[in-house]
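Below: the structure, in structure tokens.
Quick note on labels: first sequence line is chain A, next is B, and so on, each numbered from 1. The basis for the numbers below is simple: all heavy atoms, side chains too, and nothing from hydrogens, waters or symmetry mates. Note that the coordinates shown come from a computational prediction; the quantities given were computed from them, not determined experimentally.
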Protein chains: 2
Amino acid sequence: MTIQRSEGTITINDIARMAGVSKKTVSRVLNAPSTVREKTRLEIQRIIKEYGFVPNPQAQALALRRSTLIALIYDNPSPQYIVNIQRGVLSALKGTQYQIVLRPCDRSEPDYHDKILAFVRLHNPFGLIFVPSVSEDEELAAALRERKQHFVRIASVNTSDRAKQIKTDDAEGGRLAARHLVQLGHRKIAHIHGPESFMSTHQRRLGFIEGLREFDLELAPNMIAEGAYNFDSGVKCATKLLLAKDRPTAIFAGNDEMAVGVYFAARKAGVRIPKDLSVVGFDDTPMVSRVWPAMTSVRSPIQEVGRSAAELLLKTDKLKEGDLKDIPDAVTLDLMVRDSTAHIAT
Amino acid sequence: MTIQRSEGTITINDIARMAGVSKKTVSRVLNAPSTVREKTRLEIQRIIKEYGFVPNPQAQALALRRSTLIALIYDNPSPQYIVNIQRGVLSALKGTQYQIVLRPCDRSEPDYHDKILAFVRLHNPFGLIFVPSVSEDEELAAALRERKQHFVRIASVNTSDRAKQIKTDDAEGGRLAARHLVQLGHRKIAHIHGPESFMSTHQRRLGFIEGLREFDLELAPNMIAEGAYNFDSGVKCATKLLLAKDRPTAIFAGNDEMAVGVYFAARKAGVRIPKDLSVVGFDDTPMVSRVWPAMTSVRSPIQEVGRSAAELLLKTDKLKEGDLKDIPDAVTLDLMVRDSTAHIAT
DNA sequence: CTGAAAGCGCTAACAT
DNA sequence: ATGTTAGCGCTTTCAG
């Protein structure tokens with residue numbers, strides 16, 4: 001029985017030997033420091049620090065049936081949105097041992113639940129972070145809850161577990177957009193919304209309609225178009241709206257990708273921005289400052305949302321189950337209009 | 001000694017018991033099927049398939065000292081580039097048990113090597129994929145090689161291990177850009193290049209100069225500006241070039257982010273595209289079709305590059321070390337000019 | 001408060 | 001060709 005010191009890598013056994021205790025005691029110092037006598041604990045902690053010992057994640061994963069992976073699960077079609085979420089999550093995970101793993105998914109696949117569950121079963125991730133629209137799948141959430149799998153959802157509506165969700169008040173964003181355009185002097189305002197399968201579509205549209213109503217304005221049926229939250233659909237919808245007999249002087253697009261599509265369609269149709277048309281987007285992606293003239297957009301703090309989601313997930317660990325009293329409700333992040341070049345279209 | 005059947009999860013022991021063999025035999029079927037008698041092997045494989053058994057990655061990771069993680073290591077400032085690489089890698093990893101993990105880094109931090117090495121030591125990833133510019137760090141590569149860590153690099157120049165790299169011929173891209181602009185009738189052509197710390201900067205500029213020379217044209221010193229591969233620097237450099245006495249009729253930007261900056265600066269300066277100015281970018285990100293008028297760009301098949309990198313990494317596994325004869329040289333992917341709205345500026 | 005022994009699920013040496 | 005034994009590095013009984 002030789003003590004096989006694998007090249008350089010220091011293990012819990014080494015620490016135990018040096019401290020003259022059993023490895024279980026070291027393990028206790030690592031996981032439940034309060035159960036070890038102070039003197040022993042301090043000595044062990046000193047040695048741990050001195051040698052920069054970090055417990056091996058693979059061994060922990062095997063013993064605990066829980067790895068250090070945090071999976072980002074997304075079906076959101078906007079690359080910019082995903083990148084921002086990633087950045088936020090990364091900033092929260094920096095310095096921890098947790099790793100962010102990418103898991104795109106496709107809700108239209110019949111076995112998409114199975115794929116996610118298979119991943120969870122196989123890799124035992126520490127936690128999952130869901131972004132819209134997959135975050136709105138309550139059936140999936142229920143299945144994961146049953147497995148006692150940690151997860152946090154990013155959504156614009158209240159989900160079945162408000163303590164474990166990050167919320168953006170998209171309806172308020174819609175209201176802001178409406179107020180902004182009306183106050184610019186517009187009366188004939190159109191809206192290109194996202195797919196009906198996204199709750200954000202409903203929230204943003206609802207808020208927008210409410211905002212118009214504050215000024216006794218209605219969203220006429222011929223002023224509505226359904227897009228797909230991507231550039232091409234924005235072009236298509238805007239073209240339709242702009243070539244119609246009764247064309248709008250302002251368009252509120254459900255997200256920036258589509259708003260840029262509106263810009264493109266306007267240029268093609270000879271409609272001048274901002275003289276003939278005002279455009280408001282949603283998300284405040286970098287693109288808003290890259291088009292010309294710079295675009296007005298409802299700023300949605302996507303990166304902060306990602307960071308908050310990851311932080312909430314990590315916090316879940318520290319607290320014992322049921323000890324979530326200090327997270328009484330969904331974390332909600334505020335939106336604001338970032339007004340770049342507001343002008344009245346006449 | 002009770003047989004603890006953990007809820008539903010089927011292990012190698014279960015398979016062994018059902019097949020009436022030892023678990024080591026099952027392990028052999030999994031890892032070196034040829035060393036097991038055909039009849040036994042077929043039977044075991046049947047059972048494995050019937051129960052959908054997949055070996056537990058955490059246990060394998062512990063025993064093999066190698067996890068199923070594939071880390072994407074990047075310091076590239078362009079989000080669009082990263083997203084495309086991610087997509088490519090994901091497409092190659094789809095259906096495998098490998099997971100893509102994100103590891104951004106910052107070469108300007110003095111301990112950035114240590115951080116990457118610490119990650120490798122702690123998590124024992126199966127492999128790493130490096131994108132420029134961090135892919136060009138030979139010192140880091142040497143340190144990893146010494147640890148026998150698998151990795152593949154994406155670069156525009158030949159690295160010290162050409163069999164494990166994906167190469168894009170950026171110099172050729174530069175030549176294509178030059179030919180394109182000259183053939184459009186331009187003579188006064190400027191270039192906004194990236195940071196000197198990126199090899200792609202040199203390659204693209206070098207190729208561009210060579211391309212001009214084919215037509216006996218020179219790249220005059222006042223026609224060069226150094227950007228940072230991002231939008232803002234593109235705006236800044238283009239503004240400088242366009243407001244100068246002797247302004248160019250065409251600009252080749254080192255990447256699309258900067259090219260969009262050129263568009264912005266041109267609009268601001270009242271310079272009309274394509275009438276007064278032609279612009280060529282590099283990368284062919286989605287942005288090229290979103291600006292107006294659509295931009296011409298050297299198409300760099302970023303997504304395919306990502307996929308090839310991941311495929312190469314996985315292939316490394318199958319082949320025994322030194323058995324790389326059928327990968328004689330770097331995988332090189334071709335570039336092409338995607339011409340959107342080429343017009344002669346007069 | 002601490003330790004010995006067993007186990008997480010798999011693979012590597014060394015038998016047979 | 002197959003099985004036995006001993007790990008990988010950590011945690012969890014259950015004694016003491």
Side-chain angles (χ1 to χ4, degrees), chain A residues 1-45 48 51 53-68 97 121-124 126 317, chain B residues 1-45 48 51 53-68 97 121-124 126 317:
Chain A
M1 197 162 109
T2 56
I3 293 182
Q4 182 83 22
R5 284 301 318 284
S6 58
E7 24 152 297
T9 320
I10 181 163
T11 77
I12 197 173
N13 286 307
D14 303 321
I15 302 294
R17 189 165 24 76
M18 290 191 278
V21 298
S22 78
K23 64 176 174 179
K24 179 56 205 173
T25 303
V26 179
S27 177
R28 281 198 184 87
V29 170
L30 255 25
N31 301 298
S34 59
T35 64
V36 177
R37 191 178 8 135
E38 180 165 15
K39 197 181 155 195
T40 325
R41 175 166 49 89
L42 288 176
E43 171 62 3
I44 295 178
Q45 284 173 331
I48 287 180
Y51 289 87
F53 166 70
V54 180
N56 178 306
Q58 287 95 289
Q60 276 184 313
L62 182 57
L64 292 172
R65 287 163 214 77
R66 200 213 286 139
S67 71
T68 54
Q97 63 181 331
R121 198 162 8 214
L122 193 60
H123 290 277
N124 293 118
F126 170 78
D317 183 35
Chain B
M1 199 161 105
T2 54
I3 294 183
Q4 182 85 21
R5 285 302 316 286
S6 57
E7 23 153 299
T9 321
I10 181 163
T11 76
I12 198 174
N13 285 307
D14 303 321
I15 302 293
R17 189 164 25 74
M18 290 190 278
V21 297
S22 79
K23 64 177 176 180
K24 180 58 205 172
T25 304
V26 179
S27 176
R28 281 199 184 87
V29 170
L30 257 23
N31 301 298
S34 59
T35 64
V36 177
R37 189 177 12 133
E38 179 165 16
K39 198 182 154 193
T40 326
R41 175 167 49 90
L42 288 176
E43 171 63 2
I44 294 178
Q45 284 172 333
I48 286 179
Y51 289 87
F53 166 70
V54 181
N56 178 306
Q58 287 95 287
Q60 278 183 312
L62 183 57
L64 292 172
R65 287 165 212 76
R66 201 217 277 145
S67 71
T68 54
Q97 63 181 332
R121 198 163 7 214
L122 193 60
H123 290 277
N124 293 118
F126 170 79
D317 184 34

Given atom [atom1] of [X] and atom [atom2] of [N], what is their separation to the nearest angstrom?
{"X": "R17(B)", "N": "dG9(C)", "atom1": "CZ", "atom2": "P", "result": "12 Å"}
{"X": "D14(A)", "N": "dC10(D)", "atom1": "CG", "atom2": "P", "result": "9 Å"}
{"X": "Q58(B)", "N": "dT11(C)", "atom1": "CD", "atom2": "P", "result": "13 Å"}
{"X": "I12(A)", "N": "dC8(D)", "atom1": "CD1", "atom2": "C1'", "result": "14 Å"}
{"X": "N31(A)", "N": "dT2(C)", "atom1": "CG", "atom2": "P", "result": "15 Å"}
{"X": "I15(A)", "N": "dC10(D)", "atom1": "CD1", "atom2": "P", "result": "9 Å"}
{"X": "R65(A)", "N": "dC10(D)", "atom1": "CZ", "atom2": "C1'", "result": "11 Å"}
{"X": "R66(B)", "N": "dG9(D)", "atom1": "CZ", "atom2": "C1'", "result": "18 Å"}

Any donor-acceptor pair under 3.5 Å from [X] side chain to [Y] backbone:
{"X": "D14(B)", "Y": "I10(B)", "result": "no"}
{"X": "S67(A)", "Y": "H123(A)", "result": "yes"}
{"X": "T68(A)", "Y": "P57(A)", "result": "no"}

With nearest nucleotides of DNA chain D determined for R28(A) and N13(A) from heavy-atom distances, which residue corresponds to the more 5′ nucleotide?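 Its nearest nucleotide being more 5', the pick is N13(A).
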[options]: which one has an atom nearest the side-chain heavy atoms of [X]?
{"X": "K24(B)", "options": "dT4(D), dC10(C), dT2(D)", "answer": "dT4(D)"}
{"X": "A63(B)", "options": "dT4(D), dC10(D), dC8(D)", "answer": "dC8(D)"}
{"X": "R37(A)", "options": "dT2(C), dG9(D), dT11(D)", "answer": "dT2(C)"}
{"X": "T11(B)", "options": "dC10(C), dT2(C), dC10(D)", "answer": "dC10(C)"}
{"X": "K23(B)", "options": "dC10(D), dT11(C), dT2(D)", "answer": "dT11(C)"}

Could you tell me whether the phosphate oxygens of [N], OP1 or OP2, come under 4.0 Å of any side-chain nitrogen or oxygen in [X]?
{"X": "T25(B)", "N": "dG3(D)", "result": "yes"}
{"X": "T9(B)", "N": "dG9(C)", "result": "no"}
{"X": "S22(A)", "N": "dG3(C)", "result": "yes"}
{"X": "S27(A)", "N": "dT11(D)", "result": "yes"}

Heavy-atom pair with the smallest gap, counting every atom of I12(A) and F53(A): N-CE1, 3.6 Å
For residues L42(B) and E38(B), determine if any side-chain heavy atom of one lies less than 4.5 Å from a side-chain heavy atom of the other.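 A side-chain contact under 4.5 Å exists here.
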Which part of the nucleic acid, if any, lies within reach of L62(A) when heavy atoms closer than 4.0 Å are counted: base, sugar-phosphate only, or nothing? base
